[in-house]
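Reviewing the structure listed below.
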Amino acid sequence: MSTPTPPNLPTPDRADGTARLRAALLAADFTADGLLDLLGASAYAALARSETVPALRATRGEGPLDTLVRLFLLQQPVAHARVAVVLPVDACLADGWLVPAGADNLCATVDVRPYGGPDGEDWFIVSDLGCAVGGAGGIGGRGQQVDPDVVLGVGGASTTLAGITVRTPVQSALDLGTGSGIQALHAAQHATRVTATDPNPRALHITRLTLALSGAPEPVVKQGSLFEPVGDETYDQIVSNPPFVISPARLPPPPLSGALRATPPFARLTYRDGGMRGDDLCRSLVQQAGERLNEGGYAQFLANWQHVEGEEWQDRLRSWVPRGCDAWIVQREVQDITQYAELWLRDAGDHREDPTEYAARYDAWLDEFEARKTKAVGFGWITLRKTAAPEPSVTVEEWPHPVEQPLGEVVRAHFARQDYLRAHDDAALLAGHFKLAAEVVQEQVGLPGAEDPEHVVLRQNRGMRRATKVDTVGAGFAGVCDGSLTAGRILDAIAQLVGEDPVGLRDRSPAQIRLLVEQGFLEPVEPGAGIGDGTEPLRL
């Protein structure tokens with residue numbers, strides 16, 4: 001889809017030029033693995049902290065990869081003759097990837113960051129200058145005012161969303177608020193048709209650059225906010241890393257001095273501030289997503305939400321869930337309002353301004369929170385799944401502990417387990433077959449030398465890495481689940497061994513089985529899918 005090229009950006013419309021550039025980058029090993037090998041782990045990690053000195057030191061050589069890192073990642077002028085050894089210079093100049101810098105040097109017009117796909121693909125994420133290294137803070141570090149329409153590269157939020165997204169083949173996917181296009185790029189691997197939207201036309205253009213340079217199919221791009229640009233269209237998958245930052249309605253403008261005199265009046269930063277009060281943008285996005293999903297489709301978001309005085313944050317989020325949708329909402333982090341304000345003031349480089357201006361902006365942020373009775377701000381993941389179930393399942397939980405990405409399959413399995421539990425009452429659970437999930441271990445906690453543990457903990461070493469307390473019966477039950485026997489028969493055998501009434505044990509065990517299934521410690525299986533055939537003796 002050909003669209004006008006915004007100022008100072010390359011054009012993706014000449015496929016041959018983009019293909020030649022991609023081939024040259026790959027030939028020079030300008031890839032995620034190549035960067036790590038060249039820079040080393042320390043310098044590679046420093047780039048994410050806006051620290052470029054280690055990478056500059058590591059690229060003092062004259063090799064092709066040194067040239068490309070300095071040109072595209074570090075935005076250093078490089079001699080024309082040196083670049084010509086590595087890249088098709090005439091085509092890169094004609095297409096706008098490079099521009100002259102003085103008589104003998106060339107500069108890049110955009111950041112280009114190598115990015116490894118989930119199956120080893122070599123992709124490239126395009127963003128505005130300075131934004132692949134350190135985000136918007138990298139721009140502020142150069143003494144520049146952050147452009148409200150700046151397009152950032154890959155950050156922690158981007159990779160988090162990519163990691164939790166369900167990756168099953170679908171006909172249609174929507175990347176809402178596409179930014180640099182990383183979610184659209186991932187979606188192009190499993191969706192027949194990808195639509196990318198953004199209110200910022202610069203972001204739409206950069207998304208096309210990202211997909212073209214990565215060798216991915218051309219997306220459908222539409223300009224506009226929230227679901228307005230797609231009308232009544234529905235999708236099998238919706239993903240969004242929206243501008244979720246909870247900002248004051250109006251901050252004091254920056255000082256008009258020096259290089260900033262030509263800066264327009266203060267505007268929100270498009271990449272982070274959604275233009276609505278409080279957490280209204282995230283709420284609107286979630287509430288409107290239900291009617292845009294096809295049956296069985298997923299919508300997955302990153303979001304911020306307010307912790308309001310006199311209101312449980314879990315109830316606030318449950319009220320966001322649209323009718324006809326299951327939901328799994330995970331709060332990963334909570335910041336008090338002072339931490340939150342400081343984080344985002346630094347993100348825009350405001351801490352580098354005059355102390356009086358910084359204090360005024362900080363004060364405006366706290367005024368906003370006070371007016372809205374906000375005491376803290378939560379961050380986390382929201383996943384919806386369109387369902388025809390008469391009673392949708394809504395799980396809201398806090399999980400600040402380490403997890404193992406990618407989690408897309410864990411998310412899919414969570415909703416599959418909800419389907420199973422909805423369809424099975426206690427009697428059906430006792431007639432069901434289960435097996436212990438992979439890499440679950442048992443820990444016994446108690447005083448040294450004690451004959452029996454005080455309690456037993458089952459712990460997952462993969463995925464969400466959950467831990468849950470169980471009694472000795474629950475531990476014994478989970479340990480022998482291999483799919484060969486029904487839950488009821490296992491409980492009868494345990495009752496016989498411990499001298500307990502089997503009827504009483506059957507009555508009180510379904511709740512514990514249900515919890516172990518819900519949290520992924522036990523997996524339902526088809527009869528006979530385990531080690532035995534149901535006739536072997538139970539081994540405890």
Side-chain angles (χ1 to χ4, degrees), residues 1-35 37-38 55 59 62-101 104-117 120-133 151 153-154 178-182 184-186 188-189 196 202-219 221:
M1 177 186 300
S2 179
T3 56
T5 300
N8 306 317
L9 288 180
T11 174
D13 294 324
R14 281 203 335 118
D16 58 332
T18 305
R20 289 176 63 193
L21 175 57
R22 172 176 170 79
L25 297 177
L26 294 177
D29 202 21
F30 189 59
T31 63
D33 290 341
L35 282 184
D37 290 341
L38 174 68
T59 56
E62 297 291 325
L65 187 53
D66 300 88
T67 298
L68 294 177
V69 171
R70 283 185 165 250
L71 188 66
F72 285 116
L73 271 184
L74 302 178
Q75 280 97 57
Q76 299 292 306
V78 181
H80 186 292
R82 183 175 168 182
V83 177
V85 174
V86 188
L87 298 178
V89 168
D90 291 342
C92 289
L93 286 167
D95 291 347
W97 294 96
L98 302 175
V99 292
D104 300 316
N105 292 330
L106 297 174
C107 280
T109 58
V110 288
D111 269 308
V112 176
R113 173 174 170 174
Y115 178 80
E121 301 94 342
D122 289 317
W123 292 340
F124 300 98
I125 308 300
V126 180
S127 62
D128 272 315
L129 287 173
C131 292
V133 179
V151 178
V154 179
T178 186
S180 62
I182 180 174
L185 179 57
H186 276 279
Q189 311 310 302
R202 191 172 185 87
L204 295 177
H205 189 85
I206 284 180
T207 289
R208 295 182 60 222
L209 292 173
T210 289
L211 270 69
L213 195 58
S214 299
E218 173 88 354
V221 296

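Computation of the quantities below employed the complete heavy-atom set of this structure, encompassing side-chain atoms and omitting hydrogens, waters and symmetry-equivalent molecules.
Considering every non-hydrogen atom in both T207 and A184, the closest pair reads CG2-CB, 4.4 Å. The two residues L106 and P100 make their nearest non-hydrogen contact at CD2-CA, 3.9 Å. Closest approach of A101 and C107 over heavy atoms only: CB-SG, 3.5 Å. Nearest heavy atoms, S180 versus I125: OG-CG2, 3.5 Å. Here the shortest heavy-atom pairing between F72 and Q75 reads O-NE2, 2.7 Å. Of all heavy-atom pairs between L9 and H205, the closest is CD1-CD2, 3.8 Å.
For A19, the side-chain contact (heavy atoms from CB on, under 4.5 Å) criterion is met by no residue, not counting sequence neighbours. Judged as a salt bridge (charged side-chain N to carboxylate O under 4.0 Å, His left out), and not counting sequence neighbours, the contacts of R14 are D16, D95. Under the side-chain contact (heavy atoms from CB on, under 4.5 Å) criterion, D37 pairs with no residue, sequence neighbours left out. When the salt bridge (charged side-chain N to carboxylate O under 4.0 Å, His left out) test is applied to R202, the partners found at least two apart in sequence or on another chain are D128. Applying the side-chain hydrogen bond (donor to acceptor under 3.5 Å, both in side chains) test to T31 and every residue at least two apart in sequence or in another chain returns D29. Legend: residues meeting ring-ring contact (aromatic ring centres under 6.0 Å, His included) with Y115, ordered by chain and number and at least two apart, are H186. For T210, the side-chain hydrogen bond (donor to acceptor under 3.5 Å, both in side chains) criterion is met by no residue, not counting sequence neighbours.
You'll find the side chain of L73 reaches within 4.5 Å of the side chain of L35, heavy atoms only. Taking the side chain as every heavy atom from C-beta outward, L26 and F124 approach each other to under 4.5 Å. Side-chain atoms of D13 and R208, non-hydrogen and from C-beta on, do get closer than 4.5 Å to each other. Counting only heavy atoms from C-beta outward, the side chains of E218 and L211 never approach each other to under 4.5 Å. At a threshold of 4.5 Å between non-hydrogen side-chain atoms, the residues N8 and T109 do not count as touching.
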Quiz: residues 83-93 side-chain donor-acceptor pairs under 3.5 angstrom, not counting sequence neighbours:
none

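The only option from L71, L65, T67 that meets the side chain to side chain contact (heavy atoms under 4.5 Å, CB included) definition with V69 turns out to be L65.
Pairs engaging residues 64-89 under the salt bridge (Lys or Arg N to Asp or Glu O under 4.0 Å) rule: E62-R82 [sequence neighbours left out]. Screening residues 18-27 for salt bridge (Lys or Arg N to Asp or Glu O under 4.0 Å), with sequence neighbours left out, gives no hits.
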Please report the C-alpha distance between W123 and V154 in whole Å, then the side-chain angles of each, then the deciding distance to 0.1 Å, and finally whether the side-chain contact (heavy atoms from CB on, under 4.5 Å) criterion is met. CA-CA 12 Å; W123 292 340; V154 179; over 6 Å; no

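Taking CG of L25 as the start and CG of D122 as the end, the distance is 10.5 Å to the nearest 0.5 Å.
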